[in-house]
Amino acid sequence: MTTLRIDNLNVSFSTEAGPLHALKNVSFDVPENRIVGIVGESGCGKSTLINAILGLLADNGSVDGGSILFEGQDELTTLPPSRMRDLRGPRIATVFQDPMGALNPVISVGKQMLNIQYRSSLSKEEKLNRAVEMLELVRIPDARAALARYPHQFSGGMKQRIAIAMALMMEPALLIADEPTTALDATLEVTTIELLKDLQQKIGCSVMFISHHLGVIAELCDDVVVMYAGEVVERGTVRQIFQDPRHPYTARLLECDPARQSERTRHLPTIPGEIPDLRARPAGCIFANRCDRVSDTCSAPPPDKDIGNGHIARCFVADIPVETGVTA
Amino acid sequence: MSEAVSNPAPGRMAELWRPIRKILREPLGALGLFLVLFVIFGAVFADLLTGWDPVKINPRDRFQGPSSQHLMGTDQLGRDLFARVLHGGRIALFVALVSTAVSLGIGIILGLIAGYGPRWLDNLMILLFDAMKSFPTVMLALALVTLMGPSLTAVMVVVVLVTVPGYARIIRTQTIALKTSEYVTAAQSMGASSARILRVHILPNVIGPLVILASMDIPVVIGIEAGMSFLGLGVRPPTPSWGSILNDGFTNIRDTAWIAIAGGVPIIITTLGFTFLGETLRDVFDPRLKGR
Amino acid sequence: MSSDPILKVEDVQVSFPVGGLGRKSAILGVAGVNFEVNRGETFALVGESGSGKTTLARAVNGLQEISAGTITFEDQRIDELDRKAMKPVRKRMSMMFQDPVGSLSPRMTVGDLVTEPFRIHGIEGRNLRDEAERLLTLVGLPTSFASRFPHQLSGGQARRVGVARAIALDPALIIADEPTAGLDVSVQGEVLNLLNDLRERLGLAMVIITHNLHVVHHVADRTAVMYLGRFVEAGDTEEVFSAPQHPYTAALLSANPEPDPDKTHDRITLPAEVPSLLARPAGCEFHTRCPWTQSRCSVDAPERQVIDGRAVACHFPLEPGARPPEMEEKAAS
């Protein structure tokens with residue numbers, strides 16, 4: 001069963017300077033019990049995507065078409081707000097970059113973890129035990145004593161782990177993690193990622209993991225979706241994306257990661273140019289102005305080419321592997 | 001993560017028009033702007049709008065009701081009320097604008113010093129501000145008038161003393177907040193002096209909200225002037241002030257109500273106008289100030 | 001690279017008072033650091049939060065008072081200079097800050113921002129407009145950007161403006177605090193390439209502060225790794241990278257692996273968290289997290305050893321390719 005199926009989603013915002021087409025024909029699946037990584041840089045639309053899924057688009061934003069199907073039955077784009085509220089928390093949980101977004105600074109950790117379980121029919125004692133269980137799972141030392149403490153008494157890394165514990169306590173079907181480790185030190189990031197992996201296996205939920213940190217994505221995720229300027233330019237399994245990228249943006253992005261170059265070089269690769277203004281999207285391929293394989297064909301909208309085994313790239317020359325450097 | 005899309009620089013004319021258009025879009029804002037302009041117009045062109053001398057006494061024409069000759073009637077000394085009201089507008093606006101300007105000037109300087117200077121200086125100044133603020137306005141007015149005698153200057157000194165602490169406080173808080181910004185540190189790292197940092201980096205970034213708040217205080221200032229003049233502590237007769245007109249009309253309010261109306265209505269219109277305009281400015285430019 | 005030190009940092013300590021009423025103690029943000037930077041060289045300070053790298057950078061730039069030690073720049077002691085005496089030094093040493101847009105005064109135009117150093121130092125006889133254009137061109141920005149405001153710039157563009165401002169007065173040393181922070185991966189290279197370029201063209205020395213070891217690998221001649229305010233290892237960058245001797249360096253390297261799904265098993269995971277500066281561990285301060293720790297490590301603080309230009313503070317420096325004992329056991333079983 002597919003936990004989340006996004007099909008041809010289009011979202012735009014009305015601004016003073018005209019409509020801004022933030023998401024264009026976005027399609028991908030988050031299958032049951034899989035970790036899907038969303039890779040993208042600034043302006044790729046991942047925040048808009050998350051807000052669209054959670055029903056939290058700003059007032060000037062609207063879904064112009066497409067569907068977000070949750071667990072094969074709930075159409076999130078048309079769900080009434082009350083039903084969406086029911087889903088948010090117990091069925092769809094979130095973890096953000098700043099754990100203080102989830103933690104109330106003036107309520108003790110234990111009380112907050114009790115509050116989250118308000119829908120459960122367990123006794124208070126049982127709920128507290130469940131909270132301790134979760135804190136131990138995320139390796140908070142001295143879990144029972146931790147219940148009485150306040151968020152500010154924990155370090156940044158621990159706060160994030162508590163936020164993860166709170167998100168997963170109700171065993172949701174889908175966990176959306178938006179750059180959860182970006183603000184953490186590298187050595188801490190590593191521990192947190194391993195934790196997430198562990199927990200996902202234990203609980204069996206699906207995870208949508210958004211990050212711009214390629215190393216983490218390669219380590220943690222089963223499937224990868226690459227976003228650029230509001231479009232999904234490539235998607236596939238983690239091996240397909242990292243070992244056989246077919247979209248020029250993906251290939252170039254991988255090249256740019258400094259960890260990818262084992263040879264010391266004084267001249268690091270970059271992707272020249274900038275994302276086009278999304279209020280005036282070009283008619284053809286959105287990456288054309290920065291692409292090294294561009295040709296005249298690219299002035300028409302590129303198709304989603306199926307390269308086989310679920311590996312899809314939105315490019316005219318996607319069937320030609322990148323090494324050969326051939327243009328359309 | 002920063003936005004990869006950079007905003008192109010807008011044209012100069014568009015920059016200037018936009019704030020005005022925003023204000024006009026709000027009904028109260030448009031009304032406020034209209035009323036304020038109306039009052040300013042009346043004050044500036046007072047001599048063109050009426051032929052009557054506001055201080056000339058005509059005992060034969062006293063207590064006349066509104067007519068085509070005297071648009072608002074005459075008072076107990078036969079002076080044309082419309083002329084007095086228009087000239088009273090000059091006083092009100094003069095007091096409002098000059099004392100607010102002086103207040104802002106002093107408040108900004110004190111606030112910057114308190115915010116950026118050493119801790120002990122800051123503590124001292126806060127003590128000073130709190131002391132000034134705790135004085136009831138009326139007592140302050142009485143005390144000052146006893147010292148200086150009733151006059152326009154006395155009114156302005158009262159206004160300045162009453163409003164400076166508030167402005168200084170705001171600037172001080174903003175300065176403290178910005179003192180640790182990275183661009184201030186960058187300036188220090190380049191060797192900029194404190195004076196330069198305050199003038200170039202901090203002042204432009206704290207002054208915005210203050211101007212909006214000051215515009216919302218103008219009704220208060222006008223009220224202070226009118227109130228003091230009403231009590232005889234302000235402008236000396238025969239200089240027309242809305243407050244003194246109000247006072248004149250107060251004694252005979254049952255028989256010659258138009259005098260009191262001539263004094264009171266301009267106060268109301270100006271207060272409303274500046275209040276609406278100020279609140280709209282605040283809502284449009286800095287919604288963070290809504291709590292005040 | 002000739003040994004011609006432009007900056008000498010000796011036994012520098014920076015302490016911060018803590019504690020409210022009654023109890024007054026201090027934490028050591030920088031606990032004793034020694035290094036030199038030669039003319040034209042890039043030196044990197046690598047560390048995570050709490051390592052003291054930013055504090056050290058600010059101390060070198062005179063923005064932070066030191067509580068012990070000396071800082072010598074261009075043969076002049078600068079750690080005891082007052083603000084006035086320090087001003088001329090600031091023409092020779094400039095700093096770039098972490099937040100690309102936040103370090104630019106929001107109401108100043110780009111043109112004014114890059115020429116501000118001229119105005120601060122009262123340099124006469126220069127047409128500031130021309131200078132602005134020259135600097136913008138030098139960093140690869142169109143001259144039309146001179147009329148833009150910081151909020152109209154992308155992160156990469158703002159970063160370049162910061163660079164332009166830093167080189168305005170032709171300094172001998174630039175301190176760059178996290179030059180790639182806030183930048184997308186695809187544009188990080190821009191800034192680093194630019195800095196490298198300028199360094200070669202203008203003969204600049206650079207101190208780069210970062211938490212990203214991989215960035216350092218490509219731009220720094222020598223690297224020092226910091227932990228809790230001390231250097232745990234320092235030396236030629238390539239050597240530190242290929243054969244780290246301190247366990248923390250090894251852990252840092254393995255925390256940022258090559259993005260390849262099939263290469264993820266050699267991870268050195270550090271237990272627990274960075275200790276608080278208020279409660280520094282006894283002996284070797286890294287022993288609470290070190291995968292190779294032995295009994296001696298919790299008792300004796302290791303001496304700094306310098307062998308072949310490499311400094312390391314560890315009782316048992318690692319051999320090349322060493323893996324933690326636990327992992328060796330797992331592999332063997």
Side-chain angles (χ1 to χ4, degrees), chain B residues 1-16 18-19 108 112 115-119 121 123 171 174-212 285-286 288, chain C residues 57-58 61-64 83-84 86-91 93-110 112-113 116-122 144-145 147-159 162 165-166 168-169 175 177 181-187:
Chain B
M1 288 293 241
S2 47
E3 260 303 301
V5 182
S6 53
N7 310 325
R12 287 234 101 125
M13 275 321 286
E15 275 288 319
L16 292 169
R18 241 204 277 141
I108 288 173
L112 286 176
Y116 201 73
R119 231 357 194 351
L121 187 58
N123 291 335
I171 294 284
Q174 294 281 78
T175 304
I176 290 180
L178 291 186
K179 180 156 82 161
T180 51
S181 340
E182 215 151 86
Y183 59 87
V184 169
T185 314
Q188 289 167 342
S189 150
M190 287 190 276
S193 63
S194 298
R196 180 181 170 86
I197 290 179
L198 285 174
R199 181 174 47 92
V200 172
H201 295 284
I202 295 191
L203 183 61
N205 293 306
V206 301
I207 206 169
L210 193 66
V211 171
I212 296 172
F285 289 107
D286 207 340
R288 290 174 297 170
Chain C
R58 289 184 179 211
N61 195 229
L63 294 173
Q64 170 68 53
R83 229 248 306 267
K84 220 168 150 203
M86 190 65 187
K87 194 167 167 181
V89 178
R90 296 190 184 287
K91 286 197 271 188
M93 181 196 329
S94 63
M95 188 157 172
M96 282 169 52
F97 294 86
Q98 259 191 44
D99 188 342
V101 175
S103 53
L104 303 176
S105 205
R107 280 173 207 261
M108 284 174 73
T109 60
V110 165
D112 286 338
L113 284 164
E116 188 170 8
F118 293 104
R119 267 171 278 138
I120 290 176
H121 293 276
S144 57
F145 269 52
S147 54
R148 288 208 189 179
F149 288 91
H151 68 268
Q152 295 169 319
L153 302 172
S154 71
Q157 292 163 342
R159 187 57 84 191
R165 179 170 67 180
L169 296 182
I175 303 174
D177 190 357
L183 296 182
D184 288 322
V185 164
S186 61
V187 299

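So you know, we letter chains A, B, ... as the sequences are listed, proteins then strands, and number each from 1.
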Item to check | Which atom of C/Met95 lies closest to which atom of B/Ser189, heavy atoms considered | outcome: CB-OG, 3.6 Å
Checklist outcome for this item: If you tally heavy-atom pairs under 4.5 Å between each of C/Pro106, C/Ser94, C/Ala166 and chain B, the highest tally belongs to C/Pro106
Next on the checklist: For C/Asp99, which atoms come within 4.5 Å of any heavy atom of chain B: side chain, backbone, both, or neither?
Outcome noted: both
Next on the checklist: Once rounded to the nearest 0.5 Å, what's the spacing between atom CZ of C/Arg107 and atom CG of B/Leu203?
Outcome noted: 10.0 Å
Next on the checklist: Counting only non-hydrogen atoms closer than 4.5 Å, does C/Met86 touch chain B with its backbone (N, CA, C, O), its side chain (CB onward), both, or neither?
Outcome noted: neither
Checklist entry - Considering only heavy atoms from C-beta outward, does the side chain of B/Val200 approach that of C/Arg119 to under 4.5 Å? => result no
Item to check | Among the listed options C/Pro117, C/Ala181, C/Ser105, the residue most often paired with chain B at heavy-atom distances under 4.5 Å | outcome: C/Ser105
Item to check | Portion of C/Leu104 that has a non-hydrogen atom of chain B nearer than 4.5 angstrom | outcome: backbone
Item to check | Heavy-atom side-chain contact between C/Met108 and B/His201 under 4.5 Å | outcome: yes
Checklist entry - Just how far is it from atom CD1 of C/Ile120 to atom CE of B/Met190, taken to the nearest 0.5 Å? => result 4.5 Å
Checklist entry - Which heavy atom of C/Arg165 sits nearest a heavy atom of B/Ala186, and at what distance? => result NH2-CB, 3.6 Å
Checklist outcome for this item: Taking every heavy atom of C/Arg83 against every heavy atom of B/Ser194, the minimum-distance pair comes out as NH2-OG, 3.4 Å
